[in-house]
Amino acid sequence: MNIWLLIPIGFVIGLIGSMFGIGGGLFVVPVLHFGFKVPLHQAIACSLLTIVASSMMATMSKVRNGVTNIRLSKALEIPSISGAIFGSAVVGAMPLSVLKIMFSAVAVAMAVDMFKNPVRVLAGGKERVYTAGGEGDAFADSFRDKATGRTVRYQVKNLKWAVPVSLTAGFLSSTLGIGGGVINVPLITNVCKAPVKVASATSSYKLGLTACAGSIMYFKQGYIIPDVTIMMVLGILAGAYVGMNILLRVKAFYIELLFGMLMLGVAVKMLMSL
């Protein structure tokens with residue numbers, strides 16, 4: 001295995017992961033498992049560590065530009081971490097086929113969710129409209145959208161449903177090595193009714209802690225491969241730096257469309273390996 005190839009591959013993954021707020025874990029696992037023949041559990045462990053690194057890089061710019069909803073992230077973080085700890089504790093007893101089916105099912109479901117708004121626009125409808133929160137609303141926020149030049153105001157909704165889903169996201173983060181981002185972004189967009197750029201930024205903010213909780217358990221079980229992880233992290237950090245700046249300048253329509261297409265493709269690849 002030529003591990004130096006992991007640096008440019010990691011760059012592309014970091015670029016995509018930072019833009020979409022998914023940490024890149026959705027792509028690290030298939031690349032390591034299929035491309036470099038790394039056993040699935042070890043690939044998941046390495047993926048979680050790369051998510052910690054890319055989350056730290058991507059978060060800096062997004063918080064500085066006011067896109068991240070930190071209050072929402074804190075509300076969802078505890079259930080995410082709880083799910084991650086539980087998932088990493090039971091993953092060793094789960095068959096590979098079950099993990100692959102879970103991975104594919106999550107990716108397809110989230111792809112369908114993210115296609116809703118682009119399909120509406122292509123059919124001649126209007127883009128998603130967000131409800132502005134009133135004064136005193138705890139999770140109301142706004143940000144300056146550089147792609148349109150407008151200030152977007154929104155109010156987070158359905159938090160009581162978001163918390164249990166976030167627990168599930170944490171569990172899948174550890175068992176699948178995806179960092180929970182592929183659930184967090186559609187969750188915040190479709191359940192909490194926040195803009196996709198806010199969902200991406202908020203997801204990046206909380207991914208690091210969730211992945212860190214899971215990766216500690218993997219480390220104790222000896223699943224970490226140091227040289228593979230280091231090379232992937234170097235590439236991902238560089239890609240995340242570029243991706244976080246692109247996100248702020250791209251229209252939400254394209255982010256949602258590409259997000260759905262990428263997840264659908266990975267789901268098909270994972271199912272074909274069964």
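Listed for the Ser166 side chain is no donor-acceptor partner under 3.5 Å among the backbone atoms of Ala162. A donor-acceptor pair under 3.5 Å is absent between the side-chain atoms of Thr202 and the main chain of Ala199, judged by distance alone. The main-chain N or O of Val185 is found under 3.5 Å from a side-chain atom of Thr189 such that the two form a donor-acceptor pair. Formation of a donor-acceptor pair under 3.5 Å by the Lys197 side chain with backbone atoms of Val250 is found in this model. Asn158 contributes a side-chain N or O that, together with a main-chain N or O of Val191, makes up a donor-acceptor pair within less than 3.5 Å. Within the 3.5 Å criterion, the main-chain N or O of Arg144 finds no donor-acceptor partner in the side chain of Arg150.
No side-chain heavy atom of Lys193 sits under 4.5 Å from any side-chain heavy atom of Val156. The side-chain heavy atoms of Val28 and Ile44, taken from C-beta on, include no pair separated by under 4.5 Å. The side-chain heavy atoms of Val198 and Tyr154, taken from C-beta on, include a pair separated by under 4.5 Å. Asp145 has its side chain out of reach of Thr151: every pair of non-hydrogen atoms, C-beta onward, lies at least 4.5 Å apart. Between Leu76 and Leu159 the shortest side-chain heavy-atom distance falls below 4.5 Å. Phe115 has its side chain within reach of Leu264: a pair of non-hydrogen atoms, C-beta onward, lies under 4.5 Å apart.
Residues Met272 make up the rest of the hydrophobic cluster containing Val268, defined by ILVMFWY side-chain heavy atoms closer than 4.5 Å, directly or through other members.
One distance of note links CD of Glu77 with CG of Asn184; it measures 8.5 Å at 0.5 Å rounding. For the atom pair Leu234 CG and Leu6 CG, the distance stands at 10.0 Å (nearest 0.5 Å). Summarising the geometry, atom CD belonging to Gln42 is positioned 10.5 Å from atom CD belonging to Gln221; distances are rounded to the nearest 0.5 Å. From Ile225, atom CD1 reaches atom CE of Met232 across 11.0 Å, with rounding to the nearest 0.5 Å. To the nearest 0.5 angstrom, Ile9 atom CD1 is 12.0 Å from Ile3 atom CD1. A distance of 10.5 Å separates CD in Gln155 from SG in Cys192, rounded to the nearest 0.5 Å.
Summarising the geometry of Ile188 relative to Ser203, their closest heavy-atom pair is CD1-N, 4.4 Å, with the distance given to 0.1 Å. Of all the heavy atoms in His33 and Pro39, the pair that sits closest is ND1-C, 4.0 Å. In terms of heavy-atom proximity, Tyr223 sits nearest to Ala45 at CB-CB, 3.7 Å.
Looking at Asp141 and Arg153, no side-chain N of the basic residue comes within less than 4.0 Å of a carboxylate O on the acidic one, giving no salt bridge.
Note on Phe86: it does not cluster hydrophobically with Ile78, by side-chain heavy-atom contacts below 4.5 Å among ILVMFWY residues. Criterion: ILVMFWY side-chain heavy atoms under 4.5 Å apart, direct or through other members. Under it, Leu167 and Val165 are not part of a common hydrophobic cluster.
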Item to complete: Apply the test side chain to side chain contact (heavy atoms under 4.5 Å, CB included) to residues Val29 and Leu40: give CA-CA distance (whole Å), side-chain angles for both, the deciding distance (0.1 Å), then the verdict.
Response: CA-CA 7 Å; Val29 175; Leu40 188 59; 3.7 Å; yes
Discussion item. Quick one, Phe36 with Val228, criterion side chain to side chain contact (heavy atoms under 4.5 Å, CB included). Give me CA distance, side-chain angles, the key distance, then yes/no.
Written reply: CA-CA 10 Å; Phe36 291 86; Val228 170; over 6 Å; no
Practice prompt. Tell me, with the steps shown, if Ser47 and Leu32 meet side chain to side chain contact (heavy atoms under 4.5 Å, CB included).
Written response: CA-CA 9 Å; Ser47 173; Leu32 292 180; 5.7 Å; no
Discussion item. Would Val242 and Phe11 count as a side chain to side chain contact (heavy atoms under 4.5 Å, CB included) here? Give the steps.
Written reply: CA-CA 9 Å; Val242 176; Phe11 177 87; 4.1 Å; yes
